[in-house]
Amino acid sequence: MSFIDELEWRGLVHQTTHDDLGARLESELFTLYCGFDPTADSLHIGHLLPLMGLARFQRAGHRPIALMGGATGMIGDPSFKSAERSLITLEEVKRNVEGIEQQLRRLLSFEGDNAAIVVNNYDWLCQLSLVDFLRDVGKHFSVNAMMAKDAIRTRLEDRDHGISFTEFSYPLLQSYDFLHLFNTYGCRLQIGGSDQWGNIVAGMDLTRRMGVDAATYALTFPLLTKSDGTKFGKTEGGNVWLDPEKTSPYQFYQFWLNQADADTPRYLRSFTFLSKEEIEALDESVTTAPEKREAQHRLAEEVTRIVHGDEALDAAVKATKAMFGGDLAGLDDAALLDIFSDVPSSEHSRSELAGDTLLLDALVEHGLFKSKGEARRMIQSGGLYLNNERVAIDLKLTEASLCSEGIAVIRKGKKHYHLMKFQ
RNA sequence: GGUGGGCUGCCCGAGUGGCUAAAGGGGGCGGGCUGUAAACCCGCUGGCUUACGCCUACGUUGGUUCGAAUCCAACGCCCACCA
């Protein structure tokens with residue numbers, strides 16, 4: 001199977017500019033790039049598809065460039081956005097670039113002939129003089145053509161929101177990036193989400209008009225969807241981040257583990273490097289033994305390993321087993337703290353274990369419940385557990401309430417844990 | 001600037017003097033079923049209280065009344081139409 005056929009099979013190809021791109025990718029080694037806008041200090045799983053896209057090209061022998069939009073991030077891409085974006089400060093952009101660069105480095109290889117390159121367009125865009133830019137670059141853009149593009153037409157038609165000159169100029173900057181990377185690294189292919197098509201094609205036009213004597217190419221990925229129509233990548237807690245401080249590896253693992261049967265086969269293709277044979281076997285298991293959720297387990301395992309590494313995956317799996325396997329007996333303080341490392345906790349005095357403190361009162365006092373009434377309702381409806389055993393309304397704290405030397409594990413409902421630490 | 005309509009609990013929305021802590025829906029939370037799923041079923045969803053009950057709450061402030069989300073006045077904000 002050729003590389004492009006594999007991409008097609010994985011459902012990763014939305015549009016390409018040339019039908020012969022696939023053949024060329026077999027016979028020549030490309031330098032290609034994908035841009036990432038530093039609008040936050042971490043990437044989220046929406047960025048994972050293009051990022052892994054770069055990694056796939058690298059595995060096929062091509063040389064990937066990850067471009068940080070240090071300059072373009074300060075302008076804001078208007079493509080398919082309904083409203084003008086607020087500007088972020090230079091300091092914010094710098095901090096965001098640093099955070100994101102770390103994450104890029106995890107997924108790409110920086111060794112060998114086709115070692116990945118990380119660049120920041122701030123380094124060249126900020127040196128341009130306005131007049132030179134307008135003469136040399138701006139001259140090649142037709143405002144008529146820009147206004148006709150889908151990606152910004154809605155903004156032009158919407159009188160309430162409109163579009164500023166700043167955002168309108170964005171495609172020029174991204175186009176210039178492509179030109180710059182061609183001149184500096186011989187970069188001939190740009191990849192990105194389907195919303196980037198217009199910007200990428202604009203860059204190709206610019207290289208041609210600037211007299212570049214080589215074909216440049218575009219490849220876009222399809223938009224990720226969910227079978228139930230809700231937005232991919234969001235949970236109750238908001239975005240799923242790649243930064244372990246923002247979304248713990250445990251939460252990350254759980255996110256993938258909880259994907260719907262209907263979506264999992266597609267995600268296995270898009271987000272893992274597993275082989276066609278293995279993925280097709282997993283497809284089969286979704287149909288024949290959905291209750292085993294073999295495909296979801298494999299998906300969660302693979303993606304967590306790719307993003308967070310073996311060690312974090314191991315901890316996430318261990319925590320999952322303890323929380324959903326149910327048995328906490330025999331674990332000591334250290335093991336509990338390890339397993340429940342991203343669970344909130346409260347500090348308590350040993351005197352509360354004397355036998356005259358109601359568990360309910362202790363929980364309210366330490367803020368686990370907003371009010372006593374709420375706590376009572378929770379217990380009365382059978383939703384509160386101490387060390388995985390359902391508690392009664394009049395339960396008092398004693399030494400027997402402890403799970404280990406000094407820790408009691410509280411659970412609200414199925415998934416909400418809390419540690420009480422006694423000292 | 002004029003005229004009309006509106007502002008109710010996390011959100012939407014009914015209520016137009018006492019039966020209203022306020023219908024109904026959504027969301028959230030809990031329980032059941034299950035695969036840590038979907039669908040479905042049940043319960044809870046202002047605070048204190050074991051409970052009787054008390055307190056707080058229908059844009060803001062003041063008034064009428066035995067009694068106000070509901071009537072009156074002023075103010076604030078939002079929307080529509082006119083200028």
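All values below were derived from every heavy atom in this structure, side-chain atoms included, with hydrogens, water molecules and symmetry-related copies excluded. All chains are named by letter (A, B, ...) in the order of the sequence lines, taking the proteins before the strands, and each is independently numbered beginning at 1.
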- Name the closest nucleotide to the A:Met378 side chain, picking from B:C29, B:G35, B:G47. B:C29
- Item | Heavy-atom donor-acceptor pair, A:Glu291 side-chain to B:U34 base, under 3.5 Å | no
- Donor-acceptor under 3.5 Å (A:Asn114 side chain, A:His62 main chain): yes
- Query: Between atom CG in A:Asn388 and atom P in B:U36, what is the gap in whole Å?
  - Reply: 14 Å
- Item | Separation of B:G31 P from A:Arg411 CZ (nearest whole Å) | 8 Å
- Message: Please report the distance separating the P of B:G59 from the corresponding atom of B:G13, rounded so that it comes out in whole Å.
- Response: 14 Å
- Item | Pairwise 5' ranking along RNA chain B for A:Glu374 and A:Gly413, keeping only the more 5' one | A:Gly413
- Message: What's the closest nucleotide to the side chain of A:Phe324 if the choices are B:U50, B:U36, B:G47?
- Response: B:U36
- Item | P gap between B:C11 and B:C82, integer Å | 33 Å
- Message: Say we look at B:U8 and B:G24: how far apart would their C1' atoms be, to the nearest angstrom?
- Response: 14 Å
- Query: Could A:Arg10 and A:Glu6 be called an ion pair, given the rule that one side-chain N must be under 4.0 Å from one carboxylate O?
  - Reply: yes
- Nearest-angstrom distance, C1' atom, B:C19 to B:G67: 14 Å
- Message: At 4.0 Å (heavy atoms only), tell me whether A:Leu257 reaches a base, stays on the sugar-phosphate, or touches nothing.
- Response: base
- Task: Could you give the distance separating B:G46 and B:C52 at their P atoms, to the nearest angstrom?
- Result: 16 Å
- Item | Any strand: nucleotide that pairs with B:C58 via Watson-Crick or wobble, under 3.5 Å | none
- Message: Just checking A:Phe232 against A:Tyr267, ring centres under 6.0 Å apart?
- Response: yes
- C1' atom, B:G26 versus B:C44: distance in rounded Å? 16 Å
- Query: Which nucleotide, B:C48, B:C29, B:G35, lies nearest any side-chain atom of A:Ser371?
  - Reply: B:C48
- Message: Quick check for you: among B:U36, B:C44, B:U50, whose closest atom lies nearest to any side-chain atom of A:Asn258?
- Response: B:U36
- Options B:G30, B:U50, B:U36, nucleotide nearest the side-chain atoms of A:Thr320: B:U36
- Task: Would you give the length of the straight line joining atom OH of A:Tyr33 to atom CZ of A:Phe178, rounded to the nearest 0.5 angstrom?
- Result: 6.5 Å
- A:His416 side chain: which of B:G35, B:C48, B:G30 is closest? B:G30
- Query: Is A:Lys372 salt-bridged to A:Asp361, cutoff N-O under 4.0 Å?
  - Reply: yes
- Message: What is the separation between atom CD on A:Gln254 and atom P on B:A37, rounded to the nearest whole Å?
- Response: 10 Å
- Could you give the distance separating B:G6 and B:A21 at their C1' atoms, to the nearest angstrom? 24 Å
- Message: For a quick check of understanding: with a heavy-atom distance under 4.0 Å over all strands, which category does A:Lys370 fall into, base, sugar-phosphate or nothing?
- Response: nothing
- Query: Any side-chain N or O of A:Arg377 under 4.0 Å from OP1/OP2 of B:G47?
  - Reply: yes
- For A:Tyr385 and B:G31, give me the distance from atom OH to atom C1', rounded to whole Å. 8 Å
- Task: Mind calculating the distance between CG (A:Leu360) and P (B:U50) to the nearest angstrom?
- Result: 9 Å
- Item | 5'-most by nearest nucleotide on RNA chain B - A:Tyr253 or A:Gly373 | A:Tyr253
- Looking only at side-chain N and O atoms, does A:Arg293 come under 4.0 Å of OP1 or OP2 in B:A37? no
- Task: Starting at atom OH of A:Tyr267, determine the distance to atom P of B:A37, rounded to an integer number of angstrom.
- Result: 17 Å
- Message: Tell me which nucleotide, if any, is Watson-Crick or G-U wobble paired with B:A21 when both distances must be under 3.5 Å.
- Response: none
- Query: Contact class for A:Lys412 vs. all strands (heavy atom < 4.0 Å): base, sugar-phosphate, or nothing?
  - Reply: sugar-phosphate
- Query: At under 4.0 Å between heavy atoms, what does A:Gln380 touch on the DNA or RNA strands: base, sugar-phosphate, or nothing?
  - Reply: nothing
- Plane angle bin for A:Phe168 and A:Phe165 - parallel if under 30°, tilted between 30 and 60°, otherwise perpendicular: tilted
- Query: Of all the nucleotides listed (B:C44, B:G31, B:G35), which has the minimum atom distance to the side chain of A:Lys414?
  - Reply: B:G31
- Query: Taking atom P in both B:A80 and B:G31, what distance in whole Å separates the two?
  - Reply: 46 Å
- Within this structure, what is the CZ-to-C1' distance between A:Phe369 and B:U45, rounded to whole angstrom? 14 Å
- Taking any strand in view, what nucleotide pairs with B:C10 in a Watson-Crick or G-U wobble way, both distances under 3.5 Å? B:G26
- Mate of B:A80 where both pairing distances stay under 3.5 Å, Watson-Crick or G-U: B:U3
- Query: Among B:G32, B:G35, B:C48, which is the nearest nucleotide to the side chain of A:Arg390?
  - Reply: B:G32
- Query: How long is the line joining NZ of A:Lys226 and P of B:A37, in whole Å?
  - Reply: 14 Å
- Item | Electrostatic pair A:Asp356-A:Lys396, nearest N-O below 4.0 angstrom | no
- Classify the ring geometry between A:Phe30 and A:Tyr217 as parallel (under 30°), tilted (30 to 60°) or perpendicular (over 60°). perpendicular
